[in-house]
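Structure first, commentary second.
Positions are given from 1 along the sequence. Below, each value reflects all heavy atoms present in this structure, side chains not excepted, and no hydrogens, waters or symmetry copies.
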Amino acid sequence: MTALAPAHTPQAEEATDAAESPLEGFRIGVTSDRRSRDLIEALERRGAEVLHAPALKIAPVQEDLRLIEDTRAIIAAKPDLCIATTAYGMRRWCEAADSFGIGDELLETLGNCRMFVRGPKARGAVRAAGLADVGISSDETTSTLVDMLLAEGVRGKTVAMQLHGYTDVRQIERLRMSGATVLTVTPYRWVKPEGEDRLPRLIEAACSGNLDVLTFTSAPAVDAMWSTAHEMGLYKQLVESLKLNVTTAVVGPVTAQPLLDAGITPLIPERFRMGALIRLVCEHLALNHVRRLETRSGNIELRGRCLRIDGQQVELAPAPLLLLRALLGADGAVLSRESLSDLLELRGSVHALDMTVSRLRSSLPDGRLIETVVKRGYRIRI
């Protein structure tokens, strides 16, 4: 018996489109420089509009003389223990040492000490260099690695620590306070990128609510954004917007810390990988920022800035869109003129609110969707 093909209803096609483009209608900010293309392309494939403003970039290794000086110091010290925090940092360290003719000396030095790694990717880089590790963090954090070393005892020992552009001073001090000599090396350092006007534009978009999600893949990028926002006089406004209006998403707990310190709780994937971060953003937006409502004027779906009524896309200006989002969120309940005026920052202007309602109605296929409730306010006609 031949199975019947599923019916191609508008609702089924709409569900398929949503599955294939889960980020359609959403605007996402990307602050990373390294590997930003991979992240941007992944978000755009899922339908997102991306605003890219690298907060920092990595300095060319040829210009980093301090890296070589620190590497020579570690070779000379013959450390007992070494902590590798990132795969990229480990690879870059070996490549830089090779370029200055001391690569074999570095590998011999690291081969004679006990290597600890922060996570699977760092372990892979260590083993790719022909080295072996003796311990790995259970939660991919440097603090857990330091706990492991302190449990073994580090008094009188020399510890080499490969940093990752963001110095965790507290962990270094924990080792030193326990009697260890700590030598650090930072295979990549952060500098301001070209096109510095892009970051202020991204900050302005976040402050004005013209952004749905802001992503970070490094803690220094968060610090760079704070610094730029301070220079613009927008720091407090930015923090408030990130608390209330714009979702932040980070690749792991180290990146999250500067946001947590500012009172912002970001999305953090269980696995600290870019793919997991993208999936978490898709799930969060689908669950919390997609509005659907059946009305007498048709089936409405609002995804970020993308409005569809019975599957047909409807273009709305920012103010009418904000008004419609509020009314949809009320599920047919009446919203007072005062609350809508405050939402639109109209300072109680009755005329300005009436004009915004009029613009919204004129943009819709059926203006009767927005119903006036005399002496009370407005609601969606369901």
Main-chain N/O of Glu371 paired with Arg379 side-chain donor or acceptor, under 3.5 Å: no

Between Arg337 and Arg376 (side chain of the first, backbone of the second, donor and acceptor by atom type, cut-off under 3.5 Å), is there such a pair? no

Please check: side-chain N/O of Gln171 versus main-chain N/O of Thr142, any donor-acceptor pairing under 3.5 Å? no

Side chains of Val30 and Phe216, heavy atoms from C-beta outward: is any pair under 4.5 Å? no

Output every pair passing side chain to side chain donor-acceptor pair (under 3.5 Å) with a member in residues 233-244, not counting sequence neighbours, ordered by first then second residue. none

Assess whether a salt bridge exists between Arg308 and Glu24, defined as any Lys/Arg side-chain N lying under 4.0 Å from an Asp/Glu carboxylate O. yes

Pairwise distance OG1(Thr144) to CD1(Ile136) - rounded to 0.5 angstrom: 11.0 Å

Counterpart residues, salt bridge (Lys or Arg N to Asp or Glu O under 4.0 Å), relative to Arg368 (two or more places apart): Asp366

Test your reading of the model: is there a side-chain donor-acceptor pair from Arg198 to the backbone of Ala53, 3.5 Å cut-off? no

Measure the spacing between NE2 of His289 and CZ of Phe26 and express it to the nearest 0.5 Å. 7.0 Å

Cut-off 3.5 Å, side chains only: do Thr71 and Arg66 have a donor facing an acceptor? no

Has Thr85 got a side-chain atom pairing as donor or acceptor with Gln162's backbone, closer than 3.5 angstrom? yes

Could you verify whether a donor N or O on one side chain and an acceptor N or O on the other, from Glu315 and Gln313, lie under 3.5 Å apart? yes

Between Asp261 and Gln257, is there a side-chain donor-acceptor contact under 3.5 Å, judged purely by atom types and distance? yes

Straight-line distance of Asp354 CG to Thr372 OG1, nearest 0.5 Å: 8.0 Å

For residues Leu51 and Leu267: do they belong to one hydrophobic cluster (side chain heavy atoms under 4.5 Å, members Ile, Leu, Val, Met, Phe, Trp, Tyr)? no

